[in-house]
**Q** 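Attaching a single structure in structure tokens format; questions to follow.
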Amino acid sequence: MKVINVCGARPNFMKIAPLMRAFRARPGIEPCLVHTGQHYDDTMSKAFFDDLHIPRPDINLEVGSASHAIQTAHIMERFEPVVLAQKPDAVLVVGDVNSTIACGLVAAKLLVPLVHVEAGLRSFDRTMPEEVNRVLTDAISELLFVTEPAGVRNLEREGIDPSKIHVVGNVMIDTLLAHRELAEKSDVLERLKLTPQTYGVLTLHRPANVDDPRVLAGILDALEEIQRTTPLVFPVHPRTRGNLERTGLAARLQAMPHMILTEPLGYLDFLKLMSRAAVVLTDSGGIQEETTVLGVPCLTLRANTERPITVEQGTNQVVGMSPIEILKAYRRIRAGRIQPRVPNLWDGKAAERIAEILLRWHAQRGS
Ligand code: UD1
């Protein structure tokens, strides 16, 4: 069974890593890895291939950054000849980035079955580019692999045939569990002169937070207060760096005495940093899941989450972007620790389950 596996942006790499490993270990699956080039900086792409030992992509489409329409169109234009030449039995996409929908659409139009890993997540906020990518990718997928029960309910509500839906756990957590021991060896705390449990980690990159200077300035008000008592490590995403510089807010951030600004960090350093943090503040999707498994309190600086299990069972609180609410939630965390549960099937074996189901599905189609 020949499977083209697509990755393009940073959060895809930790999802594709365990899948490539599981597929390569199965004699019945011949995997091919395509990198769209949506993310291209070494710190946003190559560092993850190195840390996670992902095989070099068989093909790199080298699309780079552009508006949504142009980026999506370029990926489609360059991916179509790859699918025509490779004649795969399936195209597998992960997550919700532009590379996911662009390659998914190409596969569906060429009548190649599409497989979506991390299907069914919904924030119910169509102003998020990822939400549009999720809904559309799920609508054209033949096999939908889901991380949490809410995903199944969302897909069934949208009329997806239940026989296509499989709850398999979380491939991002496969990667976390497989690398915890190695991450322990990271010297990132020494390099940044940090004491465990005394600092926070911050990530921000959502357009809704960093593209509007008023929203970004409001978030900085809260961060300014928090860093007075809890030093904050902030690896700055390229989109955020650009906006901070354009709006003049970079100077304000640099003037905060306990705000530690860094380049985007590699996987192992970031995992070690999160695992010893007193709190994580983020607008990322994946980090809500990772902190749930690590048992580290997470404040999600967004109006919603597509990952409700991290709130119901994990360490996550969705606090929005208002400085008052962020500070209130931060004080609650300092007052006491929560007892999180690890969600069902987030056990490091999701990629194995996916490989198994793919082979069974392929055998049934052939018979
Ligand atoms: C993309 C995903 C988002 C994901 C995020 C993780 C979409 C719609 N968004 O957002 O879901 O959470 O990746 O990082 O697919 N840039 C660089 N170097 C790079 C890549 C980007 O400098 O390697 C800069 C460029 O100025 C670019 C900007 O970052 O214009 C945004 O990149 P883009 O891929 O468009 O979206 P992200 O914000 O990274």
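Counting starts at 1 for both ligands and their atoms, in listed order.
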**Q** Give the residue and atom name of whichever protein heavy atom lies nearest to atom 2 (C) of ligand 1, and the separation in Å to one decimal.
**A** Val97 CG1, 3.7 Å
**Q** May I ask you to identify the nearest protein heavy atom to atom 22 (O) of ligand 1, giving residue, atom name and distance to one decimal place in Å?
**A**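 Looking only at protein heavy atoms, the one closest to atom 22 (O) of ligand 1 is Pro238 CB, 3.2 Å.
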**Q** To which protein heavy atom is atom 4 (C) of ligand 1 closest, and what is the distance rounded to 0.1 Å?
**A**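 For atom 4 (C) of ligand 1, the nearest protein heavy atom is His205 NE2, 3.7 Å.
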**Q** Can Glu190 and Lys272 be counted as an ion pair, charged N to O under 4.0 angstrom?
**A** no
**Q** Are His35 and Phe49 an aromatic pair, judged by ring center distance below 6.0 Å?
**A** yes
**Q** Taking 4.0 angstrom as the limit and counting only heavy atoms of His237, give me the atoms of ligand 1 inside it, by number and element.
**A** 14 (O), 37 (P), 38 (O), 39 (O)
**Q** Specify the protein heavy atom at minimum distance from atom 18 (N) of ligand 1: its residue, its atom name, and the distance to 0.1 Å.
**A** Asp41 OD2, 2.9 Å
**Q** Among all protein heavy atoms in this structure, tell me which lies nearest to atom 25 (C) of ligand 1, with the distance rounded to 0.1 Å.
**A**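 The closest one turns out to be Ser65 OG, 3.3 Å.
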**Q** So is Arg239 polar-close to ligand 1, meaning N/O to N/O under 3.5 Å?
**A** yes
**Q** Ligand 1 and Gln38, any nitrogen or oxygen pair closer than 3.5 angstrom?
**A** yes
**Q** Pairing donors with acceptors under 3.5 angstrom, does anything connect the side chains of Tyr267 and Thr175?
**A**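 Note: Tyr267 and Thr175 side chains miss the donor-acceptor criterion.
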**Q** Roughly how far, to the nearest 0.5 Å, is CD1 of Ile287 from CE of Met172?
**A** 8.0 Å
**Q** What protein heavy atom lies closest to atom 19 (C) of ligand 1? Include the residue and the distance to one decimal.
**A**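 Answer for atom 19 (C) of ligand 1: Tyr40 CZ, 3.5 Å.
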**Q** Taking only residues two or more places apart in sequence, or in another chain, which ones meet Ser65 in a side-chain contact (heavy atoms from CB on, under 4.5 Å)?
**A** Tyr40
**Q** Which is it for Pro11 and ligand 1 at heavy atoms under 4.0 Å: side chain, backbone, both or neither?
**A** side chain
**Q** For Met44, counting its heavy atoms only, list the atoms of ligand 1 lying under 4.0 Å from any of them.
**A** 14 (O), 23 (O)
**Q** Where is the nearest protein heavy atom to atom 3 (C) of ligand 1: which residue, which atom, and how far?
**A**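 Ranked first by proximity to atom 3 (C) of ligand 1 is Glu130 OE2, 3.2 Å.
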**Q** With a 4.0 Å cut-off on heavy atoms, is His68 touching ligand 1?
**A**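 It does, in that a heavy atom of His68 comes within the 4.0 Å cut-off of ligand 1.
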**Q** How far is atom 20 (C) of ligand 1 from its nearest protein heavy atom, and which residue and atom name does that atom have?
**A** His39 CD2, 3.3 Å
**Q** Identify whether the distance between the nearest side-chain nitrogen and carboxylate oxygen of Glu184 and Arg276 falls below 4.0 Å.
**A** yes
**Q** Could you walk me through whether Glu289 and Asn170 pass side-chain hydrogen bond (donor to acceptor under 3.5 Å, both in side chains), step by step?
**A** CA-CA 9 Å; Glu289 298 180 337; Asn170 191 324; 2.9 Å; yes
**Q** How many angstroms lie between atom CD of Glu130 and atom CG of Leu121, to the nearest 0.5 angstrom?
**A**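 It is 11.5 Å, given to the nearest 0.5 Å.
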**Q** Before you tell me yes or no, could you show the steps for Asp41 and Thr43 under side-chain hydrogen bond (donor to acceptor under 3.5 Å, both in side chains), namely the whole-Å CA-CA distance, both residues' side-chain angles and the distance that decides it to 0.1 Å?
**A** CA-CA 5 Å; Asp41 283 349; Thr43 55; 4.8 Å; no
